[in-house]
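Chain letters run A, B, ... following the sequence lines, proteins first and then strands; every chain starts at 1. Note that the coordinates shown come from a computational prediction; the quantities given were computed from them, not determined experimentally.
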2 protein chains.
Amino acid sequence: MQTALATAGLAPVLATALLDRGVPRAAPPQPAAEARAGTRRTCAPDEEIFAEGDRAGTFYKVVSGVVRTYKLLSDGRRQIDAFHLPGDIFGVEAGGEHRFNAEAVTETRLVVHRREARALAGDDGLLAREVVAAMMRSLERAQDHMLLLGRKSAKERIATFLLCLSQRAGGAAVELPMSRTDMADHLGLTVESVSRAVTQLEREGLIELPPNRRAVVLRDPRALRRLAD
Amino acid sequence: MQTALATAGLAPVLATALLDRGVPRAAPPQPAAEARAGTRRTCAPDEEIFAEGDRAGTFYKVVSGVVRTYKLLSDGRRQIDAFHLPGDIFGVEAGGEHRFNAEAVTETRLVVHRREARALAGDDGLLAREVVAAMMRSLERAQDHMLLLGRKSAKERIATFLLCLSQRAGGAAVELPMSRTDMADHLGLTVESVSRAVTQLEREGLIELPPNRRAVVLRDPRALRRLAD
DNA sequence: CGTTCTATTGAAGAGTATCAAGCCAAGTGG
DNA sequence: CCACTTGGCTTGATACTCTTCAATAGAACG
């Protein structure tokens, strides 16, 4: 096991981040930090960004597109722990190795940051502050997701997921950049169950989908919220 | 939403924590920090420590005993996100309010820390370093637990849970301080399923239980690990 | 248009939940 | 010391949700 975030530079940033009146939940992309100290990278759909066990020398911020991070069981069962949207930071590790696989879901542009002290400490620790906020948001999302995975029905999972997406995307109409398989592996279901639950919500009038089924309009957010609890 | 960790004092600590060669995984209680700047509190079994929505003005470190933190759905379904053993820190929030309920599982002694800068910054930031390490460990455990909840069978969940407990407790013989109901609500199962899976592992010779069923000896850790993946 | 890929739908089956006893250990009071 | 109670754990029978297997439908692309 090696140094992970691996920087003394993170410390001042943490303090500052925590002093902000709360962590920004709506994840406003902070364009100021995008140009900072990071190189750029573009990924084609399904392109691997890093794999479990890779040296975790860098972390990433999504500029555009969507990224999935996931773990695998030996027999191939997959759990997508999160989808990362523009503005999100992922790939920050405590240890020296990545504990996940990361792949682009769509064509994706990233900013790649080396995790040395220098880069994080620069600019008054703006980037480091972002990293810490990202970690805390990840933890909160993971905690909410455990409730979903442990205790919610298929329909409730879909409702929760769609609400969450619409919140992050910021509108009642949401694109679904990921496949049903991706959704299934995120929600602890099978493709078929996802499809059925979506269809059911649609028939009940809570949501509406275009012919290609790759977007959703939340017709009755109140009812969805009741379902999601 | 308010300041959460709420301290400038955390920043230097974060840096130091991250510079340590990896985060201590076996969670060795750091007795040096226990006496520091915190008041003590003792809780009877099932006593509430804090509830969801409470102002998060303090966080906690377990000295002895076990704590469960959980979320509830409106109809009472419960998800225990974690059990906290001696040396663990819990109750650290990004926002101004606790997002969980916390209760003592057994008779428990805690150290209570106010989350002001002063306390965290003191002593060369030793406490703050612990807080950051605790957050990262929480995140990693949450991620592993999502894989369990989303993709593992009942038997695999029990195997994983017992291995994890034995690792944290540090021995092949593990006390089970929590009830079957607590285990069920942590593993996304029912009491009956937990009981059946435990019995099954016992019949297969992978584990052994005393008559009162509140402890486990791991007879075949290799087979358990294979199950847990 | 045909091919391909993804999503949907249907039927059958597996695994877990639910409902209902029964069991066992510990505690209580006679 | 021994019923009696109590609470948690286990076991059994049945139900139900979701999965699995299989086929169809629909959109995207050449």
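- Looking at every heavy atom in both residues, B/L73 comes nearest to A/D229 through CA-OD2, 2.7 Å.
- What you find for B/G95 and B/A56 is that their closest heavy atoms are O-CB, 4.4 Å.
- The side-chain heavy atoms of B/D81 and B/R68, taken from C-beta on, include no pair separated by under 4.5 Å.
- Across all strands shown, A/R214 has heavy atoms under 4.0 Å from sugar-phosphate atoms exclusively, and none from any base.
- Considering all non-hydrogen atoms of both residues, B/R78 and A/R151 come closest at O-NE, 2.9 Å.
- One atom, CD of B/E192, and another, P of D/dA13, lie 15 Å apart when rounded to the nearest Å.
- In terms of position along DNA chain D, the nucleotide closest to B/T199 lies nearer the 5' end than the nucleotide closest to the other residue of the pair B/T199 and A/S153.
- Using a 4.0 Å cutoff to heavy atoms of chain A, the contacted part of DNA chain C runs 5' to 3' from C/dT6 to C/dA11.
- In the region residues 178-186 of chain B, proximity to DNA chain D at under 4.0 angstrom, judged on heavy atoms, holds for B/S179, B/R180.
- Remark: B/R213 is in phosphate contact with D/dT10, judged by side-chain N or O atoms under 4.0 Å from OP1 or OP2.
- For the pair A/I158 CD1 and D/dC18 P, the computed distance is 11 Å after rounding to whole Å.
- More than 12 heavy atoms of other residues, nucleotides or ligands shown are found within 6.0 angstrom of CZ on A/R77.
- Contact annotation: the side chain of B/L162 never approaches that of B/V174 to less than 4.5 Å [non-hydrogen atoms, C-beta and beyond].
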So A/Y60 and A/H113, ring-ring contact (aromatic ring centres under 6.0 Å, His included) or not? Walk me through it. CA-CA 6 Å; A/Y60 304 84; A/H113 293 282; 8.9 Å; no

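- Atoms CG (A/L187) and P (D/dC18) sit 12 Å apart, rounded to a whole Å.
- At a threshold of 4.0 angstrom between heavy atoms, the contacts of A/N212 are confined to the sugar-phosphate backbone, with no base atom among them.
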Pair A/F59-A/L110, side chain to side chain contact (heavy atoms under 4.5 Å, CB included): steps then yes or no: CA-CA 10 Å; A/F59 61 92; A/L110 303 170; over 6 Å; no

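- In this structure, the side chains of A/L189 and A/R157 come closer than 4.5 Å at one or more pairs of heavy atoms.
- Across the interface with DNA chain D, nearest-nucleotide mapping of A/P211 and A/S193 shows A/S193 to be the residue nearer the 5′ end.
- The distance between atom CG of A/L209 and atom P of D/dA25, rounded to the nearest whole Å, is 20 Å.
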